[in-house]
Undergrad: 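I am attaching a structure below and will ask some questions about it afterwards.
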2 protein chains.
Amino acid sequence: MRGEKYTGDVGETQNKCGKQRFLDFLGGKRLRLTAQRRAIVETVFSTTQHFTADQLLAWARKRDRSVSRATVYRTLPLLTESGLVREMDFGKGQTYYDPNYADHPNHSHLICEDCEKIVEFESEKIARLETEIGQKLGFSVTRQRLQITGSCDELKKRGTCKNLDPRSANSAALHEPR
Amino acid sequence: MRGEKYTGDVGETQNKCGKQRFLDFLGGKRLRLTAQRRAIVETVFSTTQHFTADQLLAWARKRDRSVSRATVYRTLPLLTESGLVREMDFGKGQTYYDPNYADHPNHSHLICEDCEKIVEFESEKIARLETEIGQKLGFSVTRQRLQITGSCDELKKRGTCKNLDPRSANSAALHEPR
DNA sequence: CTGCATGCAAAGACTTTGCAAGAGA
DNA sequence: TCTCTTGCAAAGTCTTTGCATGCAG
């Protein structure tokens with residue numbers, strides 16, 4: 001595979017720096033590091049899964065029962081503002097958040113319309129084309145958002161889809177992070 | 001400009017077929033052509049602008065006062081199901097709809113973060129790369145959704161942005177369609 | 001200490017839906 | 001006529017916010 005440098009889970013090790021970078025972000029804005037914020041941030045950067053506000057609340061509460069829904073909703077904008085997490089719209093009516101922008105600031109999503117699984121990937125070639133198109137239209141590209149939707153070839157041929165395999169990461173099936 | 005075949009307004013003439021194609025879609029599903037649906041559909045396909053449910057309601061009511069909010073919300077899914085209109089998320093909290101998929105089924109959006117204007121474009125090269133990436137990951141690409149965000153070069157150099165010019169079409173500033 | 005942050009509950013924004021009346025085909 | 005559609009208003013879902021209390025720096 002050439003051009004696509006990254007697919008799937010990046011593991012927890014790399015993501016650790018996401019947490020630290022967010023703490024630095026907070027410090028830079030003279031914002032306080034409260035127990036609740038710590039619980040939320042640790043939750044977010046200990047997973048590579050996409051999540052909703054509701055899921056984040058449930059997960060963060062396991063670390064600190066005192067985390068409230070309001071604080072989750074107040075922290076989410078900080079996370080997106082830091083650039084380490086980004087809002088995603090899967091047309092499901094609620095906003096999903098992707099914590100993988102800390103390690104992969106320019107990745108894209110391929111969504112399987114059969115099993116709803118999501119594969120993350122990066123493409124240098126597409127990034128270059130985007131910059132080029134932006135230039136031609138008179139803009140300096142600052143970021144991009146690409147979702148490719150497709151159907152699973154394996155499912156079509158074999159009647160089952162390997163993405164249903166729980167080992168595949170970054171799926172839309174949102175389990176609990178540890 | 002090569003690769004990008006289309007930018008900006010496509011005019012009303014081409015869009016007329018959007019309406020007819022939707023009426024055919026209704027007929028194919030044995031759905032009735034009511035006065036309210038007609039007003040909504042004529043509104044949608046007489047503009048190239050992106051709109052919200054609320055705006056569509058206001059506009060459609062000018063053609064037929066009897067159009068209700070409920071009918072707008074019930075018709076929107078039919079429009080998206082037909083493939084002639086697509087939901088768009090600009091992170092504004094509400095869903096926007098783009099009626100330009102009838103004429104340009106695979107176009108993308110460039111969004112200016114300075115003036116919020118939106119330029120539509122098509123790129124054959126990117127489309128090919130997407131298909132290629134999909135294949136490598138084991139999927140048959142059925143559709144894509146690409147948003148490029150950038151800052152306006154002109155604004156940076158001259159202190160003003162030509163996209164503020166009302167002549168530029170498909171802008172985020174949603175005026176009334178005729 | 002001082003002011004930012006929090007939890008709670010109420011409010012808000014947008015969208016969906018049950019139901020009786022209305023109207024295409 | 002026979003259903004599919006509609007308008008209305010109530011309900012639903014997700015998110016934001018006012019306020020008194022709490023706590024980090």
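Here is the naming used below: chain letters follow the sequence lines, and residue numbers restart at 1 for every chain. From a predicted model like this one, the values you see are computed outputs, not experimental measurements.
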Undergrad: Let me spell it out: for each of A53(B) and R32(B), pick the nucleotide of DNA chain C with the closest heavy atom. Which residue's pick is nearer the 5' end?
TA: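 Whichever sits nearer the 5' end wins; that is A53(B).
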Undergrad: Expressed as a whole number of angstroms, how long is the span from R61(A):CZ to dT6(C):C1'?
TA: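 Rounded to whole Å, this separation is 12 Å.
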Undergrad: Rounded to whole angstroms, how far apart are CG on L23(A) and P on dA24(D)?
TA: 15 Å
Undergrad: CG of D89(A) versus C1' of dC14(D): gap in Å, rounded?
TA: 14 Å
Undergrad: Please check if any side-chain donor atom of T142(A) sits under 3.5 Å from a side-chain acceptor atom of E113(B), or the reverse.
TA: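 Their side chains do contain a donor-acceptor pair, which is all the 3.5 Å distance test asks for.
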Undergrad: Can you measure R30(A) atom CZ to dC4(C) atom P for me and round it to whole angstrom units?
TA: 13 Å
Undergrad: Could you tell me if E120(B) and H109(B) have a donor-acceptor pair between their side chains, going purely by distance under 3.5 Å?
TA: yes
Undergrad: From dT5(D), dC8(C), dA5(C), pick the nucleotide closest to the side chain of T34(B)?
TA: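 Shortest atom-to-atom distance from the side chain points to dT5(D).
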Undergrad: Select one nucleotide: of dA9(D), dT15(D), dC8(C), the one nearest the side-chain heavy atoms of A70(B).
TA: dA9(D)
Undergrad: Measuring from the side chain of T95(A) (C-beta onward, heavy atoms only), which nucleotide among dT15(D), dA25(C), dT6(C) has the closest atom?
TA: dT15(D)
Undergrad: What integer distance in Å separates Y96(B):OH from dC14(C):C1'?
TA: 12 Å
Undergrad: If only side-chain N and O atoms of R69(B) are considered, is one of them under 4.0 Å from the OP1 or OP2 phosphate oxygen of dC8(D)?
TA: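 No, because none of the side-chain N or O atoms of R69(B) sits under 4.0 Å from OP1 or OP2 of dC8(D).
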Undergrad: At a heavy-atom distance below 4.0 Å, what parts of residues 73-81 of chain B sit against DNA chain C?
TA: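 Those residues are Y73(B), R74(B).
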Undergrad: Could you check how far CG of L57(A) sits from P of dC8(C), rounded to whole Å?
TA: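 My rounded result for the distance is 11 Å.
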Undergrad: Please lay out, stage by stage, how S46(A) and R63(A) fare under the test side-chain hydrogen bond (donor to acceptor under 3.5 Å, both in side chains).
TA: CA-CA 12 Å; S46(A) 70; R63(A) 293 179 186 255; 3.3 Å; yes
Undergrad: Figure out the NZ/P separation between K92(A) and dC14(C), and round it to whole Å.
TA: 23 Å
Undergrad: For the NZ atom on K92(B), are there more than 12 heavy atoms of other groups (residues, nucleotides or ligands in this structure) within a distance under 6.0 Å?
TA: no
Undergrad: Can we call the ring centroids of Y101(A) and H107(A) under 6.0 Å apart?
TA: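 Yes.
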Undergrad: Anything under 30° is parallel, anything over 60° is perpendicular, the rest tilted; go ahead and classify Y97(B) against F51(B).
TA: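 Y97(B) vs F51(B) ring planes: parallel.
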Undergrad: In whole angstroms, how far is the C1' atom of dC14(D) from the OH atom of Y97(A)?
TA: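 It works out to 10 Å between those atoms.
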Undergrad: With the threshold set at 4.0 Å, does a side-chain nitrogen-carboxylate oxygen contact exist between K156(B) and D153(B)?
TA: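 Answer for the salt bridge query: yes.
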Undergrad: Using heavy atoms to find the nearest nucleotide of DNA chain C for Q36(A) and A35(B) separately, return the residue whose nucleotide is more 5′.
TA: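 That would be Q36(A).
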